[in-house]
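Input: a single structure, listed below in structure tokens.
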Amino acid sequence: MTSSTAFAFVGTTTPPTTSTTTSPPPSGDYYAAAAGKTGPALKTALHGIIRNQTKLSYDQVWEALKVTDQDPNNSANVILLYSGRSQAKTSNGGNANDWNREHVWAKSHGDFGTATGPGTDVHHLRPEDVSVNADRGNKDFDNGGTARTEAPGNYGDADSWEPRNAVKGDVARMLFYMAVRYEGTDGFQNLEMNNSVSNGTAPYHGKLSVLLQWHQQDPPDAFEQRRNQVIYDQFQRNRNPFIDHPEWVAAIWS
């Protein structure tokens with residue numbers, strides 16, 4: 001396995017040296033520009049903060065996920081997002097029971113594919129079983145559907161996917177991050193939340209009303225907080241503000 005310290009990162013920022021520990025959360029200075037703001041002004045301020053990042057290539061995402069999603073009880077494994085399964089880091093690939101890179105903000109929603117930028121942003125990329133990833137496809141998120149046998153606790157139908165309870169909030173906050181980070185200023189489309197489950201290739205993701213409920217139902221836990229810190233310390237040098245400040249979700253999308 002290639003060491004993550006040997007990455008040739010895309011962009012002008014030099015990433016910090018990878019370590020097995022994480023630093024404390026950043027001081028209030030990281031979010032100073034957002035202080036006291038709400039609504040569109042808060043969204044704009046947060047975009048200005050988190051758009052400053054080191055960018056990875058799509059190949060480098062493989063190695064990043066082995067660190068960001070490491071099983072806290074088994075350092076040789078990663079935890080799969082929807083399945084919840086602990087699986088060997090080395091079993092990444094394209095076979096049915098391998099794990100691959102799930103785009104939580106479906107890459108067709110805005111047609112950004114795997115291009116460096118939203119297509120390689122680790123804040124919304126997670127390890128998942130290949131066939132479960134294909135089953136979710138590019139569906140929007142909503143409650144209901146048929147139980148998925150390969151991913152207990154998940155449900156799906158023709159146009160939506162409901163993840164297991166333990167990661168409902170994680171999914172919501174990843175989408176909120178993407179809607180703030182990508183505002184049409186990086187050569188990519190302006191990604192936005194809406195209340196639809198039929199977004200297709202439009203640069204929107206839903207269902208906002210349900211995602212807001214999931215955010216409240218499943219607040220940030222230790223795994224999600226550690227992941228945010230590792231991405232900041234070791235890879236992208238930016239953060240998901242809705243993990244650090246869950247109250248900002250209602251301040252923007254209430």
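A side chain to side chain contact (heavy atoms under 4.5 Å, CB included) with Val180 is found for one member of Leu46, Asn240, Thr44 and no other, namely Leu46.
When all heavy atoms of Lys37 and Ala45 are compared, the pair lying nearest together is CD-CB, 3.8 Å. Counting all heavy atoms, side chain and backbone alike, Arg173 lies closest to Pro219 at NH2-C, 3.4 Å.
Rounding to the nearest 0.5 Å places CG of Asp71 at 15.5 Å from NZ of Lys66. Separation of atoms NZ (Lys207) and CG (Asn199) is listed at 11.5 Å; rounding is to 0.5 Å. Distance NZ/Lys55 to OG1/Thr116: 8.0 Å, rounded to 0.5 Å.
Looking only at distances, no side-chain donor or acceptor of Asp135 sits under 3.5 Å from a matching main-chain atom of Val132. Side chain of Thr120 to backbone of Leu56: a donor-acceptor contact under 3.5 angstrom is found.
Under the 4.5 Å side-chain criterion, counting only non-hydrogen atoms from C-beta, Gln236 is in contact with Val122.
Cation-pi contact between Arg237 and Tyr232: present, with separation from the ring centre below 6.0 Å and deviation from the ring axis of at most 45°. Judged by a 6.0 Å distance limit and a 45° cone about the ring axis, Arg136 is not positioned over the six-membered ring of Tyr82.
No hydrogens or angles considered: a donor-acceptor pair under 3.5 Å links the side chains of Ser83 and Glu128. With hydrogens and angles left out, the side-chain atoms of Ser86 and Asn77 include a donor and acceptor closer than 3.5 Å. A side-chain donor from one of Asn195 and Ser209 sits under 3.5 Å from a side-chain acceptor of the other. Using modelled atom types, one finds no donor on one side chain facing an acceptor on the other under 3.5 Å when comparing Asn194 with His205.
For an aromatic pair to be called close, the ring centres must be under 6.0 Å apart, and His215 with Phe242 fails this. Note: Trp248 and Trp253 fail the aromatic proximity criterion, with ring centroids not under 6.0 Å apart.
In this structure, His123 and Tyr177 have tilted ring planes: the angle between them lies in the 30° to 60° band. Ring pair His245/Tyr31 is perpendicular by interplanar angle, where above 60° counts as perpendicular and below 30° as parallel.
Sorted by first and then second residue, the salt bridge (charged side-chain N to carboxylate O under 4.0 Å, His left out) pairs involving residues 153-167 (not counting sequence neighbours) are Glu162-Lys168.
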